[in-house]
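Accompanying notes for the structure given below.
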Amino acid sequence: MTAPDPRGLSRNDIAISTAFLVALAATLGALFIGEILGQMPCTLCWYQRIAMFPLVPVLAISLWRGDGLARLYGLPLALAGLVLSGWHSGLYAGLIPQSIAPCTKDGPSCTDQAQTILNLPIPYLAFAAFAAVLACLILSKGKRP
């Protein structure tokens, strides 16, 4: 058993807090891109949002209650988002032998240069965010209900 942190934060609290902050930043970033910059998300980006947006309240409630259930509810969402964003990143990079047609079929394309933040394509940023949340959830111990 590890000694408690003098500030009252456990390793679990830090991991869940970090996951929450990453999910919050990704959610606010997606909303900023869509609502302020007016860039509509592609189909795959919509699916990734479906996995990212609920992580914010799930992680916040787990932190507030201190019940450690973030892993139980957050891992499936983060894993689904990681798979989707990995697929999307592979399409973008040309690693998957298929055109990025899912992005242009019903909406804008993520291949457009306007679909980057700090010169990084949005699919790569989403992959990094889901990977960070997943890593934090795996590192947290969690408690059995």
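Heads up: numbering here begins at 1 and tracks the sequence. Below, each value reflects all heavy atoms present in this structure, side chains not excepted, and no hydrogens, waters or symmetry copies.
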Exercise for the section: Would you please test Ile14 and Leu139 for side-chain contact (heavy atoms from CB on, under 4.5 Å) and show each step? Expected result: CA-CA 10 Å; Ile14 292 169; Leu139 289 174; over 6 Å; no
Problem - Same cluster (ILVMFWY, side-chain, under 4.5 Å), Leu21 and Leu82 - result: yes
Exercise for the section: Give a yes or no answer on whether the side chain of Ser62 reaches the backbone of Val58 with a donor-acceptor pair at less than 3.5 Å. Expected result: no
Exercise for the section: Could you check if a side-chain atom of Leu75 sits within less than 4.5 angstrom of a side-chain atom of Ile138, using non-hydrogen atoms only? Expected result: yes
Handout entry: Straight-line distance of Leu95 CG to Trp87 CH2, nearest 0.5 Å
Key = 11.0 Å
Completion exercise
Between Arg71 and Ser140 the two heavy atoms that sit nearest each other are NH1-O, 2.6 Å
Exercise for the section: Look up atom CD1 in Ile33 and atom CG in Leu28, then write down how far apart they are to the nearest 0.5 Å. Expected result: 11.0 Å
Practice task
Identify the heavy atoms of Ser85 and Gln48 that sit nearest to each other, and give their distance.
Solution key: CB-OE1, 3.2 Å
Fill in the blank from the handout: OG (Ser89) and CG (Leu125) are apart, to the nearest 0.5 Å, by 9.0 Å
Completion exercise
Per side chain to side chain contact (heavy atoms under 4.5 Å, CB included), Met52 is matched among Leu24, Leu77, Thr27 by Thr27
Practice task
Enter the distance from Thr43:OG1 to His88:NE2 here, rounded to the nearest 0.5 Å.
Solution key: 9.0 Å
Handout entry: 4.5 Å side-chain heavy-atom contact, Phe130 and Leu84
Key = no
Exercise for the section: State, yes or no, whether a side-chain contact exists between Leu91 and Leu44 at a heavy-atom distance under 4.5 Å. Expected result: yes
Fill in the blank from the handout: All heavy atoms of Ala19 vs all of Val133, minimum pair found to be O-CG2, 3.7 Å
Practice task
Write down the atom of Val22, the atom of Ala129, and the distance for their closest heavy-atom approach.
Solution key: CG1-O, 3.6 Å
Handout entry: Nearest heavy atoms of Thr18 and Cys136, plus distance in Å
Key = CG2-SG, 3.6 Å
Exercise for the section: For Tyr73, look at atom OH and say whether over 12 heavy atoms of other residues, nucleotides or ligands are found less than 6.0 Å away. Expected result: no
Problem - Over 12 non-hydrogen atoms of neighbours within 6.0 angstrom of OH in Tyr124 - result: yes
Completion exercise
Which of Ile16, Leu72, Leu79 passes side chain to side chain contact (heavy atoms under 4.5 Å, CB included) with Leu137? Answer is Ile16
